[in-house]
Structure formats: structure tokens, C-alpha cells
Amino acid sequence: MGGSAPRRDGHLPVETTSFVDRRTELTEGRELLSRARLVTLTGPGGVGKTRLAGRIAARLARAFPDGVRFVHLSGLLDPALVPLAAADALGLHDHSAQPALDALVEQVRERRLLLVVDNCEHLLGACTELAAALLRGTTGVRVLATSRHRLGLTEEHLLEVRPLPVPDPDGDLGAAESNPAVALFADRAAAVVPGFRLTPANRRAVARLCRRLDGLPLAIELAAVRMRVLGVEQLLERLDDRYRLLSGGSPAVAPRHRTLRAAVDWSHELCGERERSVWARLSVLAGSFDLETAEAVCADGERVRVHDVLEAVAGLVDKSVLCREPGPDGVRYRLLDTLRHYGLERLRQGPDDESAARRRQRDWMQQRAGVCERAWFGRGQREIVARLNADRDNLRAALDFGLTAPGEALTALRLAGTLWFYWHACGAPREGRYWLDRALDANPEPTPERARGLWVAGLLAGCPEDLTRGRRRAEEARALARRLGDAAEAAHAEYVVGVTTLFSDDLAAARDHFRAAADRGRVPGQHLSLVGLDRVELACSLGFLGEADRAIEVCEETRRLCERHGEEWVLSYVHRMLALAHSVRQDHPRAERHAREALRLKLAVNDVVGIGLTLDLLAQIASRSGAQDRAAVLLGGADRVWTDVDRGRWGSDALNSRRRDTETRLRRDLGTAAFARAYERGGGLGLTDIVGHALEEHRPERPAGEGTRPGVRLTRRESEVAELVAEGLANQQIADRLVIARRTAEGHVERILSKLGFSNRSQIAAWVTARR
């Protein structure tokens with residue numbers, strides 16, 4: 001059970017247990033997808049649809065040059081978020097004002113990819129709309145869905161995932177080990193009882209047990225866990241008793257559903273009282289969670305105390321109710337969808353209060369978001385991004401609870417506003433706008449939460465067609481904050497007013513606006529990130545107006561502020577502005593150094609808009625330095641990045657005109673054919689690849705300590721660790737993957753940094769990408 005751990009990056013799940021042979025279904029699924037663009041794997045809960053979909057997709061990966069991506073929907077409650085979840089899995093960061101589904105289709109229109117959409121049954125209408133739009137709006141996108149029910153489209157081809165075949169217990173069992181159901185039981189039993197194997201003495205009992213469980217993989221795995229305390233014959237006898245009891249229920253319940261219910265019921269009965277209560281309360285959590293979250297949601301200080309939760313979680317993992325998987329901060333846990341729904345049913349029937357559990361979950365998410373916001377301008381930004389990405393399903397659940405439960409709407413607005421840095425810096429502007437628009441509509445009263453929500457919504461309206469609305473929101477926020485006497489929120493709103501002025505190409509007005517903000521200094525309570533960004537935008541307007549020396553002065557002052565706090569996100573923009581200013585001064589080597597550093601920092605927090613802007617600038621610098629072929633490659637790569645962001649380019653005409661000038665110059669210098677070849681090379685690279693190309697090729701005036709040192713060779717283990725760093729794994733995840741201690745993993749990473757002369761993990765990632 002729980003044989004694969006979902007990944008937030010949209011890649012295929014990582015398999016954590018062995019895969020029992022399903023050769024027939026694998027072959028049939030591959031053949032269906034070779035001739036059909038929509039295939040749905042259907043079958044009852046616990047039959048293994050998700051695992052099979054992952055295997056089919058992995059076998060077909062080479063057929064899709066633009067990749068295979070996995071959309072996990074089990075933790076999603078709101079149908080409106082389905083296209084956003086798909087875009088998230090695909091690495092798209094749309095900033096446009098058009099409907100989310102339309103934007104998604106437009107961004108993948110020319111791509112050849114396979115999208116696996118998992119657990120569609122509770123969002124069937126939205127999943128049907130997603131599949132229909134992709135089928136009719138593209139030619140190279142195929143969809144593999146898993147659902148207990150068909151989507152209902154005429155283009156849909158169904159593959160029924162049946163339970164595993166089981167042998168006749170009274171027949172010839174000479175080859176029982178090769179039977180999938182029996183092999184699954186033996187494999188899982190051996191995991192809990194070392195040395196367990198099929199023997200002539202136990203084969204018939206195991207075969208009868210698998211037949212009694214109808215070959216359902218989840219039921220077999222839950223039963224196998226009982227082998228810790230029971231023999232096979234005892235297990236079969238007790239399960240028979242449980243099954244007869246359940247079979248006395250409604251005849252309308254399908255036999256396989258009764259079988260699974262019997263297995264889950266029995267697992268529940270074998271849990272202690274606290275384990276049952278923790279199971280029920282954990283069912284309000286969506287997706288994966290860490291122990292701190294489990295403690296916050298389950299402990300009420302009365303029936304369950306904080307120190308009870310760890311023991312209960314350990315017991316539920318031991319009984320295979322909870323799956324254990326690696327996370328950015330260590331171990332995380334997950335309830336399979338079937339077991340989560342079961343726990344939720346028990347929560348609603350038992351003495352616990354579902355609303356109280358959901359409030360505790362909401363309050364914990366607010367607390368975690370607040371801690372992350374306060375720590376954002378400082379060290380550990382990458383860890384904050386990874387933590388919030390891992391918690392995204394639970395953040396969504398908390399926001400949804402606030403907007404659907406009576407009397408809770410203000411808490412949703414507070415949480416959505418607290419996450420401003422996450423929506424803005426980490427490529428989630430559309431989802432941020434979605435939650436903020438709903439929360440603002442539900443909270444028209446003049447509150448500090450509304451003032452913040454308004455300027456954050458204005459900040460996220462960064463696309464050209466939404467600038468007017470964004471400025472209107474920011475001005476309303478400023479007026480409300482002043483009326484409430486909240487100087488910090490008024491200053492935040494002022495920043496957004498200035499940004500909309502800059503992107504409207506009123507450069508002189510923007511310069512004066514941000515100069516006034518810099519002269520005013522920090523207002524008490526103003527977030528340091530926005531203090532730094534005030535100065536970044538001042539430097540930007542100065543640079544475009546040709547005042548390069550003053551822009552450099554402002555940037556150096558802001559760089560010192562960032563470095564004192566160990567901050568990287570604002571610092572990445574400082575380096576980009578320094579690159580712009582030095583390019584204005586025709587100091588191209590220095591401009592390129594700053595642009596490369598900006599690119600490294602932006603990749604670390606997945607600031608895709610910033611990566612696109614910086615690649616544009618690097619192309620311009622390269623074209624003016626005489627590296628025309630490299631500039632064309634960078635331009636092609638930048639355009640590919642921008643297709644993941646918006647139909648056009650994000651920002652002002654001043655930004656875009658420089659890009660157009662660069663392309664005109666390159667076409668003239670290289671000739672149309674040579675330009676097209678280099679441009680297409682860049683356009684064929686993914687985001688990480690083009691960043692690696694930009695960082696590793698043509699490095700003029702390499703400063704001491706930057707880049708790789710000549711003659712350096714990594715050991716085999718160090719090479720393995722470097723590859724995992726490039727995948728985005730944290731030290732604990734690397735340790736789990738390689739079965740080594742975390743301290744050992746940390747030591748390998750430090751030695752790699754020292755050998756290569758690097759200062760951060762994103763440089764390792766870029767180096768690995770370039771070597772590939």
C-alpha cells in the first residue's frame with residue numbers, strides 16, 4: 001500500500017515498494033495510448049489505478065519529447081483549481097487575465113506531452129472539462145486519467161483495472177509464487193516478518209486469503225500487516241468472521257466494496273483508541289503532512305494530547321494506515337485516499353468535532369504561513385519555498401474551509417494575504433488572485449485584512465491587460481490603510497502603485513515615486529522585502545532613464561541590506577538591476593557577471609518571471625559583446641521560458657523594446673538562417689537546461705572561486721549526490737534515497753561545493769545540467 005510517493009514538481013511518483021506484475025494491463029494501456037488521446041483507468045478504490053498509471057506513463061516517456069507530468073487531485077476540493085493544478089504540474093506560471101483553462105491550452109498548444117490526471121472521481125466535471133479542452137485545443141497532448149467513474153467524453157477509451165487474479169486454492173498451486181495476488185501478499189508479509197516465504201504448508205491458506213479479499217491490492221496489503229501477530233491460518237479465520245459480519249449489511253453494496261470495507265474495518269478495530277482518534281482527525285488533512293502538523297491538528301488537550309500523537313502516528317505507520325515518505329524537512333506522512341475517506345466518515349460519526357479539527361488545521365496553516373512570512377527576508381528562503389510547496393494542498397484546504405464554513409471568511413482573507421510572498425515570488429500568481437478575489441468578495445468590511453488583501457491582489461495583477469485593475473486595487477488599499485492608521489500596509493500599497501506606474505512606462509513618474517519612498521525610509525512594520533523592492537524599482541527606472549551611476553549606488557546599498565540578512569530573492573533583482581546599469585555603461589563583462597548571479601538566485605526559488613527577464617538581459621549583453629550565436633541561443637531559451645509564463649512578455653514596453661532590438665541586431669549580424677538555427681537550439685532547452693547553458697558557457701572575467709576548478713573530479717558517490725541535488729532534493733531526502741545518514745549527505749554536499757568552487761546548491765544543479 002502506498003507504493004509511490006507523489007511529487008509536487010509534477011514528475012512521476014517515486015515508487016517506494018515493489019510493483020507486482022500487471023503485464024496485461026501495462027501492454028493494453030500502452031497500446032491504447034498509442035492510438036487514443038484520452039485513456040481512463042477505471043476500477044474500485046484500492047485496486048491500484050494510480051500505481052498502474054505511473055508505470056504506463058514511465059514506459060511511454062520517450063514517446064513524449066515535452067515530457068510526462070502527473071497531476072495529483074486527491075487533496076484538491078475546489079473544481080476551479082483543477083486547471084491550476086495541471087498548470088502547476090506542467091511548470092506553467094500564467095500571468096494573463098484570460099480564464100485559467102484557456103491559458104493552459106494556449107501554453108501547451110504546440111507541445112507533445114502526456115498528462116496523467118489522478119483521482120478524478122470527486123472532481124469529475126472539472127476533469128472532463130480539462131480533458132475536453134486539451135483534446136480539442138491541442139494536437140500533441142494526450143491524457144491518461146484514473147477514476148472510479150468514466151469521464152464521459154466520446155474520445156475516451158476505457159481500461160478497466162481489475163483486482164489481481166487469484167489461483168484456485170483447491171487446484172494446482174505449484175507456481176503460486178508467480179501469481180500476482182499471492183506474490184503481493186508474500187512480498188508485503190516478508191516486509192513485516194523477515195524470512196517469511198511461501199511454503200507447501202502455507203500456500204493454500206495464502207491463496208484462500210487472497211481469494212477472500214477478491215484480489216484487491218489494498219485489502220491484501222492491509223491484511224499482510226497482521227502477519228506481525230497472526231499466522232496465515234489465524235488471519236484467514238478472523239478475516240472470515242469479519243467478512244461474514246459485514247456481508248449481513250445492505251445487498252446493494254458491491255461485493256468488492258464490502259471486501260475492502262471489511263479489510264479497512266478490521267484494521268480500524270485493531271487500532272488503539274488514540275490511534276483511531278488520530279486517524280479520524282488526520283483525515284481533514286489534504287495531501288502529505290509532517291509530524292508538527294499532525295500534532296497541531298490532532299491534539300486538543302483533552303482526548304488527545306500532543307505527546308500522544310507521535311505514538312499514534314508511529315502505530316498507524318506500523319499498521320500501514322499511514323504512508324511514510326521523504327519531505328523537504330524530513331519525514332512526511334500521507335493517508336491513502338480510501339483510508340482518508342474512511343477516517344472522515346468515522347470523524348463524522350464519532351465523538352470528535354470535524355469543524356474543530358478543521359479549525360485547528362486552518363489555525364496551524366496560518367501560524368506556519370506567518371512564520372514563513374516573517375522569516376522570508378533572510379536565510380532559508382529555499383527551505384521556505386520547499387516547505388510551502390509540500391504544504392500546498394493543506395493551504396488550499398485551509399483557505400477553502402475559511403470560504404465555505406459560516407463565520408470563517410475573514411480568516412481566509414488573512415491567510416491569503418499572509419502568503420503574498422509565496423504567490424508573488426514562487427510562480428503562483430493566478431492561484432493567489434483566485435483566493436484573494438474570493439476572499440475580498442466575502443469580506444467587504446473595512447479591516448486591516450482587507451487593506452492587505454487589496455494591495456496583494458493588485459501586486460499579482462502584473463500582466464499588461466490587468467494593470468488598470470491592479471492599480472485600482474492598490475489605490476483602494478492605500479486609502480483604506482490610511483483611514484485605519486496602518487502605515488505599514490499603506491507603504492506596501494504605495495509600492496504596488498509605483499510598480500503599476502513603472503509597467504505603464506511612465507518612467508520619470510516611477511523614478512520620483514520610488515525616490516520618495518527611499519527618502520522616507522522604512523515605516524515601522526513594513527516588510528523588509530518590500531523596502532528592498534522599493535529600491536530595486538528605483539534602480540530599474542534610473543537604469544532605463546540612463547542614470548546608470550545613481551542606479552548602481554542604489555543597488556549597492558540594497559545589496560548590503562540583503563547580505564546582512566542572508567536574503568536571496570530581492571538580492572537576485574538587485575543583481576539584475578546591476579547588470580542593467582552596467583550594460584548601460586557598456587561594461588559588458590561586469591554586467592554579465594551580475595546577470596549570471598541573478599539567474600542562479602532566481603532558479604533557487606523558482607522565480608520563473610525573473611528567469612525570463614534575466615535571460616532576455618543576458619541575450620542583450622551577449623549580443624553587444626560580440627557573442628552573437630550565444631545571444632541567439634539565450635533568446636530562444638528565454639522565449640521558451642516566457643511561453644510558460646504568458647502569451648506575450650511580462651512587464652513594460654521599455655523592457656520588451658530592448659528585447660526586440662536584440663533580435664533585430666542578431667538577425668542582421670548572423671543572417672536569418674544562422675539566427676534561426678541558434679534560436680531553435682535555445683528553444684529546445686527546458687528551463688533548467690537553458691539556465692545551465694547561460695551559467696556555464698562563455699564566462700568572461702571569471703572571478704576567483706566562481707565556477708568549476710580545473711582538473712577536479714568527483715567520486716562516484718559525490719556524483720550521485722550532485723545528481724540528486726540537481727533534482728531538487730534536500731539533504732534528508734538525499735540521505736533517504738541513498739540509505740545514508742543525513743550528516744553524511746551534508747558532508748558530501750559540502751565537499752562538492754568545495755571541490756567545484758561553488759557557494760550554493762543551485763550552482764551544483766546548473767553544473768550537472770551543463771554536463772548532461
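The first residue in the sequence is number 1, and the count goes up from there. Atoms considered below: every heavy atom in the structure, side chains included; atoms not considered: hydrogens, waters and symmetry mates.
At least one donor-acceptor pair under 3.5 Å links the side chain of Thr128 to the backbone N or O of Leu151. The closest donor-acceptor contact from the side chain of Asp393 to the backbone of Leu76 lies at 3.5 Å or more, if one exists at all. In this structure, Gln361 contributes its side chain and Asn394 its backbone to a donor-acceptor pair below 3.5 Å. Side-chain atoms of His122 come within 3.5 Å of backbone N or O of Leu73 as a donor-acceptor pair. Remark: side-chain polar atoms of Trp423 are paired, donor with acceptor, to backbone N or O of Ala416 under 3.5 angstrom. Side-chain atoms of Arg142 come within 3.5 Å of backbone N or O of Leu33 as a donor-acceptor pair. Checking side-chain atoms of His157 against main-chain N and O of Glu155 turns up a donor-acceptor pair under 3.5 Å. Side-chain atoms of Ser283 do not come within 3.5 Å of backbone N or O of His341 as any donor-acceptor pair. Checking side-chain atoms of Gln107 against main-chain N and O of Thr643 turns up a donor-acceptor pair under 3.5 Å. Between the side chain of Arg109 and the main chain of Gly137, a donor-acceptor pair closer than 3.5 Å is present.
Here the shortest heavy-atom pairing between Ala294 and Leu282 reads CB-CD2, 3.8 Å. Closest heavy-atom contact between Leu153 and Ala131: CD1-CB, 3.9 Å. Residues Ser74 and Asn119 come closest through the heavy atom pair CB-ND2, 3.6 Å. For the pair Gly46 and Pro217, the tightest heavy-atom approach, listed with the atom from each and the gap, is O-CD, 3.3 Å. For Asn179 against Pro165, the heavy-atom pair with the smallest separation is OD1-O, 2.9 Å. Closest non-hydrogen pair, Ala189 versus Phe196, comes out as CB-CD2, 3.6 Å.
Remark: Arg681 pairs with Asp629 by the salt bridge (Lys or Arg N to Asp or Glu O under 4.0 Å) rule, at least two apart or across chains. Scanning for side-chain contact (heavy atoms from CB on, under 4.5 Å) contacts around Ala219 gives Leu213, Leu216, Leu260, Ala263, with sequence neighbours left out.
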Please assess Leu81 against Trp435 for the test side chain to side chain contact (heavy atoms under 4.5 Å, CB included), listing each intermediate value before the final yes or no.
CA-CA 10 Å; Leu81 293 179; Trp435 291 116; 3.4 Å; yes

Would Thr40 and Leu159 count as a side chain to side chain contact (heavy atoms under 4.5 Å, CB included) here? Give the steps.
CA-CA 6 Å; Thr40 302; Leu159 173 57; over 6 Å; no

Using side chain to side chain contact (heavy atoms under 4.5 Å, CB included), reason through Arg392 and Tyr422 one step at a time and then give a plain yes or no.
CA-CA 11 Å; Arg392 195 153 173 182; Tyr422 179 67; 3.3 Å; yes

Side chain to side chain contact (heavy atoms under 4.5 Å, CB included) between Arg334 and Arg324: does it pass, once the steps are laid out?
CA-CA 7 Å; Arg334 178 184 299 273; Arg324 185 179 183 274; over 6 Å; no

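For the pair Arg346 and Asp265, the salt-bridge criterion is met [side-chain N within less than 4.0 Å of a carboxylate O]. A salt bridge is defined here as a Lys NZ or Arg NE, NH1 or NH2 lying under 4.0 Å from an Asp or Glu carboxylate O, and Arg640 with Asp66 meets this definition. No salt bridge links Asp437 with Arg433; every basic N to acidic carboxylate O contact stays at or beyond 4.0 Å. At a threshold of 4.0 Å, the pair Asp391-Arg332 counts as salt-bridged, since one of the basic side-chain nitrogens sits closer than that to a carboxylate oxygen. The existence of a salt bridge linking Glu121 and Lys49 is excluded, since no basic side-chain nitrogen approaches an acidic carboxylate oxygen closer than 4.0 Å. Between Glu25 and Arg55 there is no salt bridge, since none of the side-chain N atoms of the basic residue sits less than 4.0 Å from a carboxylate O of the acidic one.
When side chains are defined from C-beta on, Thr24 does not count as touching Arg162, because their heavy atoms never get closer than 4.5 Å. Between Leu388 and Cys426, every side-chain heavy-atom pair lies at or beyond the 4.5 Å cut-off. Side chains of Leu144 and Val117 form no contact here, defined as non-hydrogen atoms less than 4.5 Å apart. Side-chain contact check for Phe401 versus Leu77: every heavy-atom pair is 4.5 Å or farther apart. A heavy-atom distance below 4.5 Å is found between the side chains of Trp279 and Leu335. Using a 4.5 Å heavy-atom cutoff, the side chains of Val161 and Arg22 are in contact. No side-chain heavy atom of Asp118 sits under 4.5 Å from any side-chain heavy atom of Val71. Residues Leu184 and Pro180 form no side-chain contact, since every pair of their non-hydrogen atoms from C-beta on lies 4.5 Å or further apart.
Below 30°, between 30° and 60°, or above 60°: for Tyr342 and His268 the angle between ring planes is above 60°, a perpendicular geometry. Note on ring orientation: taking the six-membered ring where Trp is involved, the planes of Tyr333 and Phe289 are tilted (angle from 30° to 60°).
Rounded to the nearest 0.5 angstrom, Arg438 CZ and Leu399 CG are separated by 9.0 Å. Put simply, CD1 on Ile56 and CD on Glu28 are 9.0 Å apart, with the number rounded to the nearest 0.5 Å. Atom CG of Leu90 and atom CG of Leu104 lie 6.5 Å apart (nearest 0.5 Å). Atom CG of residue Leu26 and atom CD of residue Glu31 lie 11.0 Å apart, to the nearest 0.5 angstrom. Separation of atoms CE (Met365) and CG (Leu419) is listed at 10.0 Å; rounding is to 0.5 Å. In this structure, CG in Asp607 is found 9.5 Å from NE2 in His93, a value given to the nearest 0.5 Å.
Put simply, the residue from Glu106, Arg111, Arg37 that forms a side-chain contact (heavy atoms from CB on, under 4.5 Å) with Thr138 is Arg37. Considering Leu134, Val141, Val68 as possible partners of Leu113, the one that fulfils the side-chain contact (heavy atoms from CB on, under 4.5 Å) test is Val141.
Arg430 and Tyr434 form no side-chain donor-acceptor contact under 3.5 Å, judged by distance and modelled atom types alone.
No more than 12 heavy atoms of other residues, nucleotides or ligands lie within 6.0 Å of CD in Glu110, so this atom counts as exposed by the packing criterion. Applying the 6.0 Å contact sphere to CZ of Arg148 captures more than 12 heavy atoms from other residues, nucleotides or ligands.
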